[in-house]
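Heads up: the structure comes next, in structure tokens.
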There are 2 protein chains.
Amino acid sequence: MTTRRTGLREQKKRATREALREAALRLALERGPDNVRVDDIAEAAGVSPRTYNNYFSSREQAIVAAVTAERESRVAEAVAAQPDQVRLADAVVDAIVEQYTDPGEPHRDAMLLITTRPALREAFLDTAAAIEHPLADAISQRLGDSGPHTARVLAASVAAAVRVALEQWVRPVSTSPAASGLVVPSGSLPDLIRSTLAPLTPALDAAEERARRGQPDSV
Amino acid sequence: MTTRRTGLREQKKRATREALREAALRLALERGPDNVRVDDIAEAAGVSPRTYNNYFSSREQAIVAAVTAERESRVAEAVAAQPDQVRLADAVVDAIVEQYTDPGEPHRDAMLLITTRPALREAFLDTAAAIEHPLADAISQRLGDSGPHTARVLAASVAAAVRVALEQWVRPVSTSPAASGLVVPSGSLPDLIRSTLAPLTPALDAAEERARRGQPDSV
DNA sequence: AGCAAAAAGTGCGTGCACGCAAGTTTGCGT
DNA sequence: ACGCAAACTTGCGTGCACGCACTTTTTGCT
């Protein structure tokens, strides 16, 4: 009812997409990502090479997608699932941290592969941006319609903060020797995300407060 | 003094880069972007095609760069230039708005071209992200070292907000018919930027306040 | 059920990004 | 002043992204 516009068509597309993801990851793990040609992925998934990049616009994207697959929608769901009494900021932070917390994954080795290879790291960072739109919808729903852009900006900022966290997590921290000189070596990803999200809580609180006062009953 | 590490070498690189930008834009304007081959740009700039993409990783990037060229550094400078009495939020907003305000440019027609062609629009949106790092440095300097990531997150959020503004400005607004249904048709870009930046001011204020109280006498 | 429109998959051709391994220029030490 | 080392440029080769036109499948309508 929600996504099912046509039914069978959508279903097949999902299947193809998943087959491609899975094939891409499997082959990358077996041979190493540099020894995987697009043709191989396509063949393993049983489609033409041309079809492959109707779905993915780069090999890295396909591999990474196997791990990050439906994180976007899950984040949005998790936010929406929080009761209204919970502060928006907490709802968002918890939802995201939850999604990025290592669930003792079968993907453990895949993550190792990703964080190792530069090209895959880049692709992985880009996946943070994917949460923006679903998250914007979820926030928008909680805020009513504070401003035309408030929800989107907040969602985009959250996504950006997550990206910063992922960068920190993934990079050897080779940047300039800053003033204090002391930066967390690598920390756990959830903690990192919490700390990059922290500076945004005032903005989330303010938006929520404004929504609460601004439109207790009106539009 | 600032950027001059080696001198002559850097200078030549700048020159080459600028020549490529300029050539790309000129040819795109003359023939339309679809009738410009990378080889043409390279030839017009007097370098090999291979060299061209040592500088730019896509044709669109080169064209757009001619317009957005040094916006990044200017934003950072503008923030740094604001006296310390000015609220950080205001400093940032003003600096950015200033940089995105149409200066009766010679680039007027270039902007028209960019906003017209989808591929160029995408590349243009990406330029917003370029302000992140310089801006992070500028903010970091004003905040001392509030937290390890505060400045970066704020800068990234600001960049994201700018991106949202650019998207709104550039897109026909074909998105879902939201609740209120009333969205600004296109508005002026500066106004749009102000309005997307608005939700972030609480975060900027909070960071500034925290920096002011946290370290009243240090750096 | 049969048909017409839409959508997905496919083959082909073109232009491009990028690694690699020279060749060339610049900068620096002695 | 001279030569060495590092940086930049270049030619070449490979794999790939993507537009276009065509075939096959799904869907909605009568």
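First the proteins, then the strands, lettered A, B, ... as listed; each starts at 1. Everything numeric here is computed off the predicted structure, so don't read it as measured data.
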Write down the distance between [atom1] ([X]) and [atom2] ([N]), rounded to a whole number of angstrom.
X	N	atom1	atom2	result
A:Glu43	C:dT10	CD	P	13 Å
A:Arg17	C:dG9	CZ	P	10 Å
B:Gln11	C:dT25	CD	P	18 Å
B:Asn54	C:dG23	CG	C1'	15 Å
A:Arg14	C:dA7	CZ	P	17 Å

Minimum heavy-atom distance B:Ala78-B:Ala95, with the two atoms named: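 Nearest pair, atom of B:Ala78 first, then B:Ala95: CB-CB, 3.5 Å.
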Sequence-aligned protein contact record of nucleotides 15-22 of chain C, with B where the base is within under 4.0 Å of a protein heavy atom and S where only the sugar-phosphate is: SSBBBB--
Tell me, please, which residues at least two apart from [X] pass side chain to side chain contact (heavy atoms under 4.5 Å, CB included).
X	result
A:Ser57	A:Gln61
A:Val97	A:Val93, A:Thr101, A:Pro190, A:Ile193, A:Arg194
A:Ala198	none

Can I get a per-line list of side-chain donor-acceptor pairs under 3.5 Å for residues 125-134 of chain A, giving both atom names and the distance, sequence neighbours left out?
residue, atom, partner, partner atom, Å
A:Asp126, OD1, A:Arg163, NH2, 3.0
A:Thr127, OG1, A:Phe124, O, 2.4

Below 4.0 angstrom from OP1 or OP2 of [N], is there any side-chain N or O of [X]?
X	N	value
B:Lys12	C:dT25	no
B:Tyr55	D:dC8	no
A:Thr51	C:dA8	no

Touch class at under 4.0 angstrom, heavy-atom based, for B:Ser48 against every strand present: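 Sugar-phosphate contact only - B:Ser48 comes under 4.0 Å of backbone atoms but never of a base.
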Side chain proximity check, A:Asp191 to A:Ser195, heavy atoms < 4.5 angstrom: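 Side chain of A:Asp191 against side chain of A:Ser195, heavy atoms only: no contact under 4.5 Å found.
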Pair listing, salt bridge (Lys or Arg N to Asp or Glu O under 4.0 Å) test, anchored in residues 22-35 of chain B, at least two apart: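 Applying salt bridge (Lys or Arg N to Asp or Glu O under 4.0 Å) to every pair that reaches into residues 22-35 of chain B, excluding sequence neighbours, yields B:Arg26-B:Glu30, B:Arg31-B:Asp40, B:Asp34-B:Arg117.
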Rounded to 10 degrees, the angle between the two terminal axes of the helix from C:dA1-D:dT30 to C:dT30-D:dA1, each from five pairs: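 One end's axis against the other's: 30°.
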Test salt bridge (Lys or Arg N to Asp or Glu O under 4.0 Å) applied to A:Arg142 - qualifying residues, sequence neighbours left out: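 Partners of A:Arg142 by the salt bridge (Lys or Arg N to Asp or Glu O under 4.0 Å) criterion, ordered by chain and then number, come out as A:Glu208.
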Salt bridge (Lys or Arg N to Asp or Glu O under 4.0 Å) against A:Glu43, all qualifying residues, sequence neighbours excluded: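 Here no residue qualifies.
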